[in-house]
Asks: 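Dumping the structure here so I can ask a few things about it.
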Amino acid sequence: MALKLYESLSRSLRELRRPDPTNPADVFTFYNCGPTVYAPAHIGNFRTAVVNDVIRRLLELEFGPTKVKHVRNLTDVDDRTIAQALKEKRPLAEITQKWTEKYQADSAALNCLIPHVQPTATGHIKEQVSMIEVLMEKGNAYRGADGSVYFKIDSFPEYGALSRIKDRELKITDASADSDHKDSVSDFALWKAYKPSEDGEVKWPGPKGAAEGRPGWHIECSAMIKKHLGDTIDLHTGGVDLLFPHHENEIAQSNCCNGVTFARHWYHSEHLLVDGTSMSKSKGNYYTLSDLVEKGYSPMAVRYALLAGHPRKQLNFTLDSLHAAEKAISGIRNRLYEMGVYGNVLFFRQEFESVLTADDDLEWGLFAEAWELLKSDLNMPAALGAAFSAISHITDLDLSGKLTTERWRLEFLSAYRFFNRALGIDLQLPTVEEKKRLESDQSKTTPDEITALAEQRWAAKQAKDFATADKLRAELTAAGWTMLDRKDGYSLEPLKKA
RNA sequence: GGCGCGGUCGCCAAGUGGUAAGGCCGAGCUCUGCAAAAGCUCUAUCGGCGGUUCGAUUCCGCCCCGCGCCUCCA
């Protein structure tokens with residue numbers, strides 16, 4: 001079945017365009033609205049990022065890894081970035097650089113693929129200016145009294161198609177009412193004239209006929225898309241909150257400037273709620289990735305938790321659901337290991353690695369249903385359900401002695417492909433070398449006295465002196481460590497903080 | 001006020017006009033000295049009231065509750 005995704009403009013499920021496989025130049029163009037880099041992104045931002053990452057992964061699996069071009073912007077000049085720079089009395093670039101790096105580090109920790117291009121607004125001032133000039137020439141934009149430039153909504157009859165704004169009764173707020181020098185309150189800024197009191201040192205020469213200043217928010221996406229992906233793109237995504245006005249305005253700008261359809265497909269992911277309500281610092285439910293890592297949760301569990309709901313539905317994130325995610329991942333891993341797979345995993349390691357990049361015909365085995373559900377409008381909860389069923393099925397086969405090596409290989413490759421490659425949930429299957437290194441790293445961070453206790457206990461256990469062994473286990477527990485026995489050895493883990 | 005989304009097991013969360021996936025938690029059991037891991041078993045009638053229907057959690061209406069957007073929030 002083809003890859004289907006809800007389309008916001010038509011409000012229906014639509015197939016995504018499949019690029020011509022025989023034409024190397026024909027790639028699927030995918031743009032997603034990225035972060036504003038003025039502070040650490042919160043997990044709600046990352047829900048959108050992770051959902052988009054899965055879209056990217058599905059596109060590559062479906063069309064081939066070389067058939068997709070993914071662009072995500074970085075908004076590094078706007079009201080908030082400038083305000084933050086003024087507040088800290090530091091140059092704008094310093095602030096945005098810092099938070100860009102943090103965003104990229106967090107994305108990497110969440111196992112998100114790096115977009116092929118990550119353009120910045122400040123790096124595309126020229127492109128934005130020239131686009132504004134075209135819009136002015138065509139009569140879609142006008143100069144305000146203060147030298148700002150506004151887009152004239154009336155000049156674009158289709159305005160409002162995406163958000164159905166014409167059905168809405170716009171609330172007239174102070175911000176919109178006093179908005180400077182617009183002809184109509186609905187017109188939006190393409191270029192904002194420099195205001196010394198608000199803009200600090202941030203300014204560029206403006207479009208012809210306009211004052212110096214800085215670009216409005218919406219134009220950056222239109223300009224960067226035009227430059228990096230062309231006049232018409234295959235897929236444009238973002239969070240629901242961007243539907244209006246941001247995406248509506250992008251459509252207006254790009255359509256009027258280029259005269260062709262802007263995006264063939266629009267997709268919006270819903271927001272994350274925390275403890276049943278919107279996140280805010282005053283409610284104490286505002287989390288960044290670092291906050292959660294400090295609490296002892298793994299980034300992979302965060303990723304899983306963010307993917308555990310349907311992307312077009314609000315997802316309620318709680319620390320309980322994060323705990324559930326942590327257990328779900330370790331459960332999957334343990335179950336796959338348990339069926340005597342571990343040694344084979346190491347044996348086939350190379351093959352698994354190749355699965356991560358191959359674009360040959362894919363066999364999904366028992367994971368076929370999970371894969372289809374994923375392709376069907378990103379139904380992740382249903383897909384995960386099917387994946388768990390598939391794992392149980394493999395276990396059944398194993399327990400009943402029906403899991404031949406060949407069958408196992410197929411199913412395990414499918415599992416690995418589904419979790420690691422499609423969902424981006426790294427099952428972390430270590431090679432022998434990695435395993436050794438992991439254990440030596442662990443011994444470095446384990447206090448010597450703990451290691452000594454563990455050694456003594458292991459020796460006692462080997463000597464079947466269980467009384468001593470139990471006593472030593474109790475001592476380890478009291479010292480805050482837990483000892484996990486295996487057939488051939490043990491590992492030490494610090495007890496989880498409450 | 002306008003536009004839109006949602007209320008399903010203790011928690012998270014799919015789904016369907018014919019009596020409800022999955023994960024977590026909990027309980028019991030099996031196995032392995034203990035622990036961990038794993039396996040098996042058990043745990044819901046779908047916000048409320050009407051209507052349509054042979055039959056609704058699933059369609060329609062009303063009500064209650066929650067959430068989002070309404071000019072720069074993913």
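In what follows, chains carry the letters A, B, and so on, assigned in the order in which the sequence lines appear, proteins first and then strands, with residues in each chain numbered from 1.
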Asks: So if I take every side-chain heavy atom of A/His323 and compare against B/C12, B/C25, B/G33, which nucleotide ends up nearest?
Replies: B/C25
Asks: Give a yes or no on whether a salt bridge exists between A/Asp291 and A/Lys295, defined as a side-chain N under 4.0 angstrom from a carboxylate O.
Replies: no
Asks: Under 3.5 Å, is there any donor-acceptor pair linking the side chain of A/Asp470 to the base of B/G33?
Replies: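 Side chain to base: pair found, below 3.5 Å.
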Asks: Counting a pair only when it is Watson-Crick or G-U and both distances are under 3.5 Å, which runs of at least 3 such pairs involve RNA chain B?
Replies: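 When the pairs of RNA chain B are grouped into runs of at least three, the stems are B:1-7 with B:64-70, B:10-12 with B:22-24, B:26-30 with B:38-42, B:47-51 with B:59-63.
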Asks: Report the nucleotide, chosen from B/G66, B/A74, B/G22, that has the shortest atom-to-atom distance to any side-chain atom of A/Thr36.
Replies: B/A74
Asks: Can you tell me whether the side chain of A/Arg47 and the base of B/A74 have a donor-acceptor pair closer than 3.5 Å?
Replies: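 No such pair is found, so the answer is no.
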Asks: Run the side chain to side chain donor-acceptor pair (under 3.5 Å) test against A/Thr96 and tell me which residues pass, sequence neighbours left out.
Replies: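 Listed in chain order: nothing, the list is empty.
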Asks: Identify each atom pair where a protein N or O and an N or O of nucleotides 39-46 of chain B are less than 3.5 Å apart, giving names and distance.
Replies:
residue	atom	partner	partner atom	Å
B/G39	OP1	A/Arg335	NE	2.7
B/G39	OP1	A/Arg335	NH2	3.4

Asks: With sequence neighbours excluded, tell me which residues meet side chain to side chain donor-acceptor pair (under 3.5 Å) with A/Glu455.
Replies: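 Listed in chain order: A/Tyr490.
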Asks: Excluding sequence neighbours, so at least two apart, what forms ring-ring contact (aromatic ring centres under 6.0 Å, His included) with A/Trp364?
Replies: A/Trp371
Asks: Does A/His271 stack onto the base of B/G68, taking stacking as ring centres under 5.5 Å apart and planes under 30° apart?
Replies: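 Base of B/G68: not stacked against A/His271.
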Asks: Using the six-membered ring for Trp and the full ring for Phe, Tyr or His, decide whether A/Phe466 stacks on the six-membered base ring of B/G33 (centres under 5.5 Å, planes under 30°).
Replies: yes
Asks: Out of B/G68, B/A74, B/C34, which has the shortest distance to the side chain of A/His42?
Replies: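 When the side chain of A/His42 is considered, B/A74 is the closest of B/G68, B/A74, B/C34.
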Asks: Of all residues at least two apart in sequence or in a different chain, which pass the side chain to side chain donor-acceptor pair (under 3.5 Å) check with A/Ser254?
Replies: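 Listed in chain order: A/Ser222.
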Asks: Just to verify, what does A/Ser298 make a side chain to side chain donor-acceptor pair (under 3.5 Å) with, not counting sequence neighbours?
Replies: A/Glu326
Asks: Could you go through nucleotides 19-21 of chain B and list every protein N or O atom that sits under 3.5 Å from one of its N or O atoms, giving the distance for each pair?
Replies:
residue	atom	partner	partner atom	Å
B/A21	N1	A/Pro381	O	3.4

Asks: Once side-chain contact (heavy atoms from CB on, under 4.5 Å) is applied, do any residues pair with A/His124, and if so which ones, sequence neighbours excluded?
Replies: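 Here the qualifying residues are A/Pro119, A/Glu127, A/Gln128, A/Met224, A/Lys227, A/His228.
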Asks: So, using side-chain contact (heavy atoms from CB on, under 4.5 Å) as the criterion, who are the partners of A/Thr48 when residues are at least two apart?
Replies: A/Asn52, A/Ser269
Asks: Please enumerate all residues that pass side-chain contact (heavy atoms from CB on, under 4.5 Å) together with A/Leu315, with sequence neighbours excluded.
Replies: A/Arg47, A/Leu272
Asks: From the list B/C70, B/C67, B/C24, which nucleotide is the closest neighbour of the side chain of A/Gln314?
Replies: B/C67
Asks: Rounded to whole angstroms, how far apart are CD1 on A/Ile332 and C1' on B/A37?
Replies: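 Result: 15 Å.
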Asks: Could you tell me whether the side chain of A/Arg164 has a donor or acceptor atom within less than 3.5 Å of a complementary atom in the base of B/C3?
Replies: no
Asks: In terms of side-chain heavy atoms of A/Arg80, which of B/G15, B/A74, B/G33 is nearest?
Replies: B/A74
Asks: Roughly how many Å is it from CH2 in A/Trp481 to P in B/A35, rounded to a whole number?
Replies: 22 Å
Asks: Once side-chain contact (heavy atoms from CB on, under 4.5 Å) is applied, do any residues pair with A/Val293, and if so which ones, sequence neighbours excluded?
Replies: A/Leu289, A/Pro299
Asks: Does the ring center of A/His236 lie less than 6.0 Å from the ring center of A/Phe262?
Replies: yes
